[in-house]
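What follows is a set of notes on a single structure, which appears directly below.
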Amino acid sequence: MSVNQLDKKSQAWSALFTEPMSELVQRYTASVNFDQRLWRSDITASLAHAEMLAAQGVISAQDWADIQRGMAQITREIETGQFEWKLALEDVHLNIEARLTQLVGDAGKRLHTGRSRNDQVACDIRLWLREQIDLLGALLRDLQTALLDVAEANTDTILPGFTHLQVAQPVSLAHHLLAYVEMFTRDAARLQEVRQRVNQLPLGSAALAGTTYPLDRERVARTLGMVDAQGAPCLCQNSLDAVSDRDFAIEFTAAASLIMIHISRLSEELVLWMSQNFAFIRIADRFTTGSSIMPQKKNPDIPELARGKTGRVAGHLMALITLMKGQPLAYNKDNQEDKEPLFDTVDTVRDTLRIFAEMIGGQTHPETGQKEGGIAINAQAMENAARKGYATATDLADYLVKKGLPFRDAHEAVARAVRAAQQQGCDLAELPLAELRQFHASIDADALPALSLRGSLNARNTLGGTAPAQVRQQIARHRARLQNQTPPPAPL
Ligand code: ARG
């Protein structure tokens, strides 16, 4: 292939081709408009490859020095926006290689020894994705911290817990928020598992069958930080598989979809809780928008959009799955279509996590260092709502069971009591003891504490339960976990 020839628009690919591509076909096949964002990974991987070629005596020390000099110049050009990306050069790889050759001559032409764009692109995506995974891990941690801060201030705030969106039993608001912390904990763990399979070296596979040059793949893997927890290099073990499969991108997008699904559940609750009928929370004005016609409106656009963007990320998962399906070994150009869904998935999840961490936890005041402007909790409205729905009926049934009644009989007796309270438009706790006793003679004055919201909460004092004492322990566990989490290695 002659990259240099391609530098002049509309020229044919190499001496083998008799006619140039039309403008339309060039645009159709080019990926440089979107894959240029891989440039830093592309240069990093090229340098690791070239360093190894020199160490193995495949290229000279002078070539290696020239390649380093050229790549440093290209890095500066790209960083300062001076690099000229050319559609005729199709993709990020050919653009950088052509410029390198322009800058350093033959050394640039030797860089591609023992390499193909097929293993090159697979390596670039893996390096790029590894960095994004680490960033998302840090953002998930920020969001969890924001949720923990609100939880810590609200271990004793009573919220009606719902099943079927009907008031079920009172729960601690902190307990409810910690449910999301659990989800995001699993999301972070899933990303870490995916990371291990992303962080494997395809270079050395060349086009599909491996290469005739004496490459030291382990050296390249070490240079690129593609090593396991023990520091052993992680290499893709089959060249055909290495250049063709994108299952790592698919499983990343599946993990990303789950993050968004969890975000969408949280969003749905924030939207509900913000509505006048609930009035449980307020979110800062900068995360809401007004209506162009109704002056009184403040709409929860951010949670709504996040809920909507969940569809977009799940769509990308479908796109990638469908892209891979039925592809014969080895590399096929279909795979160029992996990038836009993957990039958009990362962008969407990254922005969403950033916004949610701030919307919930607030932002740090530059002078006081205190967080402010996070979600505002209306504890009274939550407690009032919990009081409305006979949320402690189960507690009365449990009380009767402890007095020796079979649970089903207790359930029935309390159902009759609830009906009576409904008819009188009052809560169970507001029925006089004498009246409660009509539903079962075992109901004594000591039943009344069980009927209070706080009594109900405190009674659920088993691991995973909503009693504030349990919830405080969970908060401490999560705090310790986040503190002990080792930060990811700095990007190369
Ligand atoms: N732009 C291509 C991609 O994204 C790079 C690999 C091209 N390889 C090839 N043999 N045409 O997949």
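Just so you know, ligand 1 is whichever comes first in the structure, and atom 1 is the first atom listed for that ligand.
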Just need the protein heavy atom nearest to atom 11 (N) of ligand 1, so name the residue and atom and give the distance. Arg117 NH2, 3.5 Å
Heavy-atom distances under 4.0 Å decide this one: backbone, side chain, both or neither, for Glu90 against ligand 1? neither
CG of Asp91 to CD of Gln120: how many Å apart, nearest 0.5 Å? 8.0 Å
Under a 3.5 Å cutoff, is there a donor and acceptor pairing between the side chains of Gln192 and Arg195? no
Counting from 1, what ligand 1 atoms have a heavy atom of Ser31 closer than 4.0 Å? 1 (N)
According to the interplanar angle, ranging from 0 to 90°, do the rings of Trp128 and Phe343 count as parallel (below 30°), tilted (30 to 60°) or perpendicular (above 60°)? perpendicular
Set of side chain to side chain donor-acceptor pair (under 3.5 Å) partners for Arg307, sequence neighbours left out: Glu268
Please state which protein non-hydrogen atom is closest to atom 3 (C) of ligand 1 and give its distance, to 0.1 Å? Tyr331 OH, 3.3 Å
To the nearest 0.5 angstrom, please state how far the CD1 atom of Ile250 sits from the CG atom of Leu342. 10.5 Å
Just distances here: any N/O of Asn118 and N/O of ligand 1 closer than 3.5 Å? yes
Parallel under 30°, tilted from 30 to 60°, perpendicular over 60°: which one fits the rings of His176 and Tyr180? tilted
Considering Lys339, Arg246, Gln336 one by one, which has a heavy atom nearer to atom 2 (C) of ligand 1 than any of the others? Gln336
In the protein, which heavy atom is nearest to atom 5 (C) of ligand 1, and how far is it? Asp91 OD2, 3.5 Å
